[in-house]
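To start, the structure itself, in structure tokens.
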Amino acid sequence: MEYLATGGQSGLREKLNILADAAKYDVACTSSGVERKGNGHDMGNCINAGICHSFSSDGRCISLLKILMTNECIYDCKYCQNRCSNDIPRATFTPEEICSLTIEFYRRNYIEGLFLSSGIIRNPSFTMELIYRTLWMLRNTYRFRGYIHVKAIPGADPRLIEMTGFLADRMSVNLELPTAEGLQNLAPNKHRKTILTPMRQIQQGILANRQEIAVYRNAPSFVLGGQSTQMIVGATPENDFQLIHVAENLYQKFGLKRVFYSAFVNTTNDKALPALPGGPPLLREHRLYQADWLLRFYGFRAEEILDEKRPFFNVLLDPKEDWAVRHLEFFPVEINKAPMESLLRVPGIGLKSAQRIMAARRCGNLTFQDLKKIGVVLKRALYFITCCGRMMYPVKLDEDMIVRNLTEKKDRVQFGSDGMTYRQMSLFDDGQFQRPVSPAEALQTAVGQL
């Protein structure tokens, strides 16, 4: 194991390379959720729509300075690159070094804020104290008012977590794995109760702070951007239904802003980990994010999206399309009369599109051309909607037919009178003939001699 020297600019650059690379598996791709304008004296501000992200080739978000305080760790989680038994170069930032890096990167307009996580050095409370000192110096010594997202360390002194919460815009406690059994098998040093305890503390602190701000407007803000968590997808055998059910419970019971899903990347080659011959489960991660969106904004419940009989996502259809083709009894939906809840269940109609439809139809009946201008994706929605009682095409509400058309790679789908797709035959389509069309026959066809 190689420990890095602390002195000089070259040493700091080496640390940055190691600890920025070690942080790439932590997901932090969110808007700030905070509205804090610059005051003319301090450095930085926060915009509610905040933190426009760009990504490097290996997936790192580079609009935040995204680093670990240390990649040293006393734990031996089998899936983690920074596990104590892994022989990798180790480095640790001091609070002063992180402050200096943040300010210098901000002054050069490289970043808009800081994402700070850490391995566990010595013990959880010692690590949390280092994080708190870093944030305190940024806010008070360097007068930095930009966005800060920080990880709360499970098992740390609750007082340290509370003090850090008054300095951070967003905090997160990584759930890591969706079930207690998964943690026991792959992360024996971590326990579900230890993880959920600071999550509950942050939730209660946010609620209490809102009440305090309602009475005293100048009261300091506590984790104004809310809290989030992260689950690793594919390291343990849980199915998709279990994952979204856990996410739904977290939203309902802990008031989380976001649950992030991270496709498992096998960096340690531990024998207890799955082999993943097809690589990280990126499509599964994508489907989880789509389902998560349905839970948060579209009024769906986990048991509507999947259930114990169908515990995995359809690889061909997104979760909303899959639900719609399995529940054709709710369709077609009349665009000019349907309530908001029904519009949100139509594939191709998003939250903003539904809001625009509700506003626009007050002025008159909408047509399919109007829907296109509003932003509705008609090539998905046309199977499930009517305008003034008429469908865009004479589509038959048949599950097999709709699935075939939704999975068709062509941009435009054509219909016959029976609602089935057809393809116009071409005289030059030699794939339909037993022998190729000769150049002479093609010429005769072009001039009308054949």
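All values below come from the heavy atoms of this structure, side chains included, with hydrogens, waters and symmetry mates left out.
- With 3.5 Å as the limit, one finds no donor-acceptor pair spanning the side chains of Gln230 and Ser172.
- In this structure, CZ on Phe166 lies 11.0 Å from OH on Tyr132, to the nearest 0.5 angstrom.
- Between the SG atom of Cys387 and the CD atom of Gln369 there is a distance of 11.0 Å, given to the nearest 0.5 Å.
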Going through the distances and angles, do Glu129 and Arg133 end up as a salt bridge (charged side-chain N to carboxylate O under 4.0 Å, His left out)? CA-CA 6 Å; Glu129 184 176 2; Arg133 283 175 52 198; 5.9 Å; no
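- To the nearest 0.5 Å, atoms CD (Gln204) and CZ (Arg200) are separated by 6.5 Å.
- Side chain of Asn209 to main chain of Phe222: a donor-acceptor pair is present (N/O by atom type, distance under 3.5 Å, no hydrogens or angles).
- Partners of Tyr79 according to the ring-ring contact (aromatic ring centres under 6.0 Å, His included) rule, which considers only residues two or more places apart in sequence or in another chain, do not exist here.
- A salt bridge does not link Glu341 to Arg345: none of the charged side-chain nitrogens sits closer than 4.0 Å to a carboxylate oxygen.
- Inspection of the Ser125 and Asp157 side chains reveals no N or O donor paired with an N or O acceptor under 3.5 Å.
- Rounding to the nearest 0.5 angstrom, the gap separating the OH atom in Tyr383 from the CG atom in Leu378 is 11.0 Å.
- Environment of CD in Glu212: crowded, with over 12 heavy atoms of neighbouring residues, nucleotides or ligands closer than 6.0 Å.
- Taking the side chain as every heavy atom from C-beta outward, Glu308 and Glu303 never approach each other to under 4.5 Å.
- A salt bridge links Asp318 with Arg380; the closest basic N to acidic carboxylate O contact falls under 4.0 Å.
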**Report entry** Derivation of the side chain to side chain contact (heavy atoms under 4.5 Å, CB included) call for Leu294 and Glu304
**Finding:** CA-CA 10 Å; Leu294 297 182; Glu304 291 182 283; over 6 Å; no
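- A 4.5 Å side-chain heavy-atom check between Leu328 and Phe384 finds at least one atom pair inside the cut-off.
- Atom CG of Leu250 and atom CD of Gln203 lie 10.5 Å apart (nearest 0.5 Å).
- Counting non-hydrogen atoms of other residues, nucleotides and ligands closer than 6.0 Å to CZ of Arg122 gives a total of 12 or fewer.
- The main-chain N or O of Leu243 is never found under 3.5 Å from a side-chain atom of Glu238 such that the two would form a donor-acceptor pair.
- To the nearest 0.5 Å, the span separating CD1 on Ile131 from OG on Ser117 amounts to 6.5 Å.
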Assess whether side chain to side chain contact (heavy atoms under 4.5 Å, CB included) is satisfied between Lys309 and Phe241, documenting all intermediate values.
CA-CA 10 Å; Lys309 294 181 180 179; Phe241 174 64; over 6 Å; no
| request: Would you sort out whether Arg145 and Asp169 count as a side chain to side chain contact (heavy atoms under 4.5 Å, CB included), showing the intermediate values? | output: CA-CA 10 Å; Arg145 292 172 55 84; Asp169 294 301; over 6 Å; no
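- Tested against Leu101, the residues Ile111, Leu16, Leu114 include a single side-chain contact (heavy atoms from CB on, under 4.5 Å) partner, Leu16.
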